[in-house]
Amino acid sequence: MTAAVAPAPSMFAIFRRRDFTLLWLAQLVSTAGSSLTSLAAGIFVWRSTESTLAVGLTLMVTAIPSLVVGLLAGVYVDRHDRKKIMIVTNLTQAVMVGLIAVVIGIETIALPGLYLLLLADAGIKQFFDPAHDSLIPEVASDEELAAANSFLSIASFGSTAVGFAGAGLLAGTVGLQWAFILDAASFLFSAGCITLMGRYPMPKPDEDATVRVIAANLKAGMVTLAGTPVIRSIFIVAALMFFAFGLWNVLLLPFSLTVLGATEFQYGLQEGLTSVGFVIGSFFMARFSRLLPEPAWMVLAMAGMGLCAVLYGLSTQVGVAILIVTVSGFANAPSAIARSTLLQRNTPREMRGRVFSAFFVLRDVVFLFGMAAAGLADVIDIRVLVVVSGVLLFGAAGSVLVLPGLSVGTWGAAAARLRGATAEGEVGLSPVRSATLADFDRLAGRLVAFSRLSPEQRAGFVRDATVREVPAGTRIVEHGDTASSAYFILDGSTTAGVPVDDGFRGLSTMAAGDFFGEIAALTGSLRTADVVADVDTTLLEVPAEALRATMAVPEVQRVMLTTMTSRLQRTESADFPRLAGIDQADLRDLRTPRPQVEALPRTYDGHEAGGAVG
């Protein structure tokens, strides 16, 4: 039986997910509050010192923690509950910025106290950001990621403009202390929203956080970053882009005031309209992101920003320059949203904290280098430097076209593989042999949790299991098929996707050590996606009962249930009618203790739906 093809969801469908709405509200309010602190701190320092260097220090102290604790924060995020990390960091930041309101009223310690509290606040934020970005793929399904990132960008940039305006208003009326008090309140509101979200547990670390274990975790994250072509390529592109951004952002002020003869009001208008352009661009991506692959959006966006930078450097009229910068803000949105979506989609769940932290460190370091390079304006024509920033953005766009994982050859390749796959129905025609303990050892080398099985459990696991050599282009499972087994990838890679009217969505790639089909096998439901072998692939096919028996081992139980919970939560939506055939009694039975199998933890929070790759 073949399931009905699901229509593509509305761009606003993501708001049907209660947890995303809560996360969006938290982002909207807390970003506005952070903008209050950012501008109010600069105003206070300028009033106290009238020193540009002193104002610059307020920016520097927010960048230092990224260099010191950024990567280690990622290790911590991957070892602990990300939702709890976000709540604790929000509460701690509320205390830090609340103390600023007190400290700036004490003349003897006002400036050093402000810098120290800003430094502490920025250090705490190093833990929040990777936890936040790591949680987004848990809250949104794969096909909703672009819309989710778009609306989160709208919340961020839209509220930034509100925060800046609010700080200026407070500075001229009731006093700067209220900016910090309101920011503290915004963090409390954010913590409350996140508290109301569902549970997103992480597997309990197998080892205590010793220096050796932390170093090994950090190394594993760097290996994932360097060894995954698409992630590595994104970092290379981002390095060029953020250097150009750092250069251009510093040059905007002197260029506007000295070359174009703009007033301070016109400069402020230019900055504000850049944010407006980004918000409009984010709405555009929420509606039209499906029309092109993410790398294509990156190319168009960075080429557009590069053109804007060149035209800005050649402009002679303030009005034209403001229009150009507004367009550049619009063009920035597709690049940022596509980049975030690719990183979230291609980073393994257990590695997201480390990879995202590394990205934030790269961003801050390269941005600082770009800002430093702006000092060349003292000896080089400032117009030339602005044009150079545009040329760098053209270079970033061109690199996307050729770098592994992003290049033109990858655009639409996954959907093409699914469309052109040879249908063999549960790989029935593939070469097959009985599994051996040597095959189990290969699996345990990929999934360390399985090394905890006893000799008797290993023998039971492979007793009725088979190994299949699947040629490239073979359709392994098809949505709507019945299921009685799950698959573990010993070698090779596969692509999974859900058929829709205009092709496939929810595309994801799985490599050696990944598994799929576990939800449908264990619940007796229908397959919910098509899975195709990208290259010649070796699969270990395991019957449902053998898989269920391994859950007596806590380490295996955590890996299986964490993955299943993630897939169940991400596909809980009215936009997925194909999941309606899953028997709810089977799901309850899966969570019920059985003889010789210890009780399974209730980690589902009532999410009873099918998996994305079931």
Undergrad: Go through it in stages, so that I can follow the logic: the residues are T89 and K125, the test is side-chain contact (heavy atoms from CB on, under 4.5 Å), and I'd like the CA-CA distance, side-chain angles, deciding distance and then a yes or no.
TA: CA-CA 7 Å; T89 53; K125 193 173 185 293; over 6 Å; no
Undergrad: What's the shortest heavy-atom distance between A244 and L393, and which atoms?
TA: CB-CG, 3.8 Å
Undergrad: Grab the two heavy atoms, one from Q177 and one from G105, that are nearest each other, plus how far apart they are.
TA: NE2-CA, 4.4 Å
Undergrad: Judged by atom type as modelled, is there a donor-acceptor pair below 3.5 Å linking the side chain of R232 to the main-chain atoms of L403?
TA: no
Undergrad: Should the heavy atoms of other residues, nucleotides or ligands under 6.0 Å from CZ of F360 be counted, would the total exceed 12?
TA: yes
Undergrad: Quick one, L342 and M298 - any side-chain contact, counting heavy atoms below 4.5 Å?
TA: yes
Undergrad: Let me confirm one number: the CG-CZ distance from L368 to R363, rounded to the nearest 0.5 Å.
TA: 10.5 Å
Undergrad: Would the Y312 and F255 ring centres measure less than 6.0 Å apart?
TA: yes
Undergrad: Give a yes or no answer on whether the side chain of R354 reaches the backbone of A73 with a donor-acceptor pair at less than 3.5 Å.
TA: no
Undergrad: Just so I know, are the side chains of P65 and L119 near enough to count as touching, which here means a heavy-atom distance under 4.5 Å?
TA: yes
Undergrad: What are the two closest non-hydrogen atoms of L152 and I136, and how far apart are they?
TA: CD1-CD1, 3.5 Å
Undergrad: Report the C-alpha distance between F330 and V279 in whole Å, list the side-chain angles of each, state the deciding distance to 0.1 Å, and finish with yes or no for side-chain contact (heavy atoms from CB on, under 4.5 Å).
TA: CA-CA 7 Å; F330 177 90; V279 169; over 6 Å; no
Undergrad: For a ring pair (Phe, Tyr, Trp, His ring centres under 6.0 Å) check, start with the C-alpha distance between F127 and Y76, then their side-chain angles and the critical distance, and finish with the verdict.
TA: CA-CA 8 Å; F127 293 85; Y76 186 87; 5.8 Å; yes
Undergrad: V103 and L117: side-chain contact (heavy atoms from CB on, under 4.5 Å), yes or no, with the steps?
TA: CA-CA 9 Å; V103 165; L117 288 170; 3.7 Å; yes
Undergrad: Go through the steps for L135 and D19 under the test side-chain contact (heavy atoms from CB on, under 4.5 Å), then give the verdict.
TA: CA-CA 10 Å; L135 199 61; D19 283 2; over 6 Å; no
Undergrad: Under 3.5 Å, side chain of N149 to main-chain N/O of L145, donor-acceptor pair present?
TA: yes
Undergrad: Drop me the distance from I337's CD1 to I154's CD1, to the nearest 0.5 angstrom.
TA: 7.0 Å
Undergrad: Going by side chain to side chain donor-acceptor pair (under 3.5 Å), name the residues that satisfy it together with Q126, two or more places apart in sequence or in a different chain.
TA: none
Undergrad: Mark yes or no for whether S399, through its side chain, and A396, through its backbone, hold a donor-acceptor pair below 3.5 Å.
TA: yes
Undergrad: Count the heavy atoms of every other residue, nucleotide or ligand shown that sit under 6.0 Å from CZ of F15, and state whether that count exceeds 12.
TA: yes
Undergrad: Would you give the length of the straight line joining atom CH2 of W248 to atom CG of L392, rounded to the nearest 0.5 angstrom?
TA: 12.0 Å
Undergrad: When rounded to the nearest 0.5 angstrom, what distance separates OG in S190 from CG in L25?
TA: 10.0 Å
Undergrad: What distance do I106 atom CD1 and L114 atom CG have between them, rounded to the nearest 0.5 Å?
TA: 12.5 Å
Undergrad: Using a 4.5 Å cut-off on heavy atoms from C-beta on, say whether the side chain of V97 contacts that of F187.
TA: yes
Undergrad: Determine whether T347 and F356 make a side-chain contact, defined as any pair of heavy atoms from C-beta on separated by less than 4.5 Å.
TA: yes
Undergrad: Answer yes or no: is there a side-chain heavy-atom contact under 4.5 Å between I382 and L251?
TA: yes
Undergrad: Please answer whether the main-chain N or O of S328 pairs with a side-chain N or O of N332 as donor and acceptor at a distance below 3.5 Å.
TA: no
Undergrad: Determine yes or no for a side-chain-to-main-chain donor-acceptor pair under 3.5 angstrom, with K83 supplying the side chain and R199 the backbone.
TA: no
Undergrad: Sequence neighbours excluded, which residues qualify as side chain to side chain donor-acceptor pair (under 3.5 Å) partners of R82?
TA: D78
Undergrad: Are E138 and R352 ion-paired here, with the side-chain N under 4.0 Å from a carboxylate O?
TA: yes
Undergrad: Just say parallel, tilted or perpendicular for the rings of F151 and F12, cut-offs at 30° and 60°.
TA: tilted
Undergrad: So E294 and R339, do their side chains get closer than 4.5 Å, heavy atoms only?
TA: no
Undergrad: Are F284 and W297 close enough that their ring centers fall under 6.0 Å?
TA: yes
Undergrad: Less than 4.5 Å apart, any side-chain heavy atom of F44 and any of I100?
TA: no
Undergrad: So how far is it from S35 OG to D183 CG, rounded to the nearest 0.5 Å?
TA: 8.5 Å
Undergrad: For the residue pair A321 and L260, what are the closest heavy atoms and their distance?
TA: CB-CD1, 3.4 Å
Undergrad: Sequence neighbours excluded, which residues qualify as side chain to side chain donor-acceptor pair (under 3.5 Å) partners of D121?
TA: Q93
Undergrad: I want to know whether F359 and F235 have ring centres closer than 6.0 Å.
TA: yes
Undergrad: Is it the case that the side chain of S389 and the backbone of V386 share a donor-acceptor pair, with hydrogens and angles ignored and the cut-off at 3.5 Å?
TA: yes
Undergrad: Nearest heavy-atom pair of S335 and M241: which atoms, and what distance?
TA: OG-SD, 3.7 Å
Undergrad: Check for a donor-acceptor pair, side chain of T326 on one end and backbone N or O of G277 on the other, with a separation under 3.5 Å.
TA: no
Undergrad: Classify the ring geometry of F242 against F245: parallel below 30°, tilted from 30° to 60°, perpendicular beyond 60°.
TA: perpendicular
Undergrad: Checking T31 side chain against S156 main chain: does a donor-acceptor pair fall under 3.5 Å?
TA: no
Undergrad: Closest heavy-atom contact between A331 and A301?
TA: O-CB, 3.0 Å
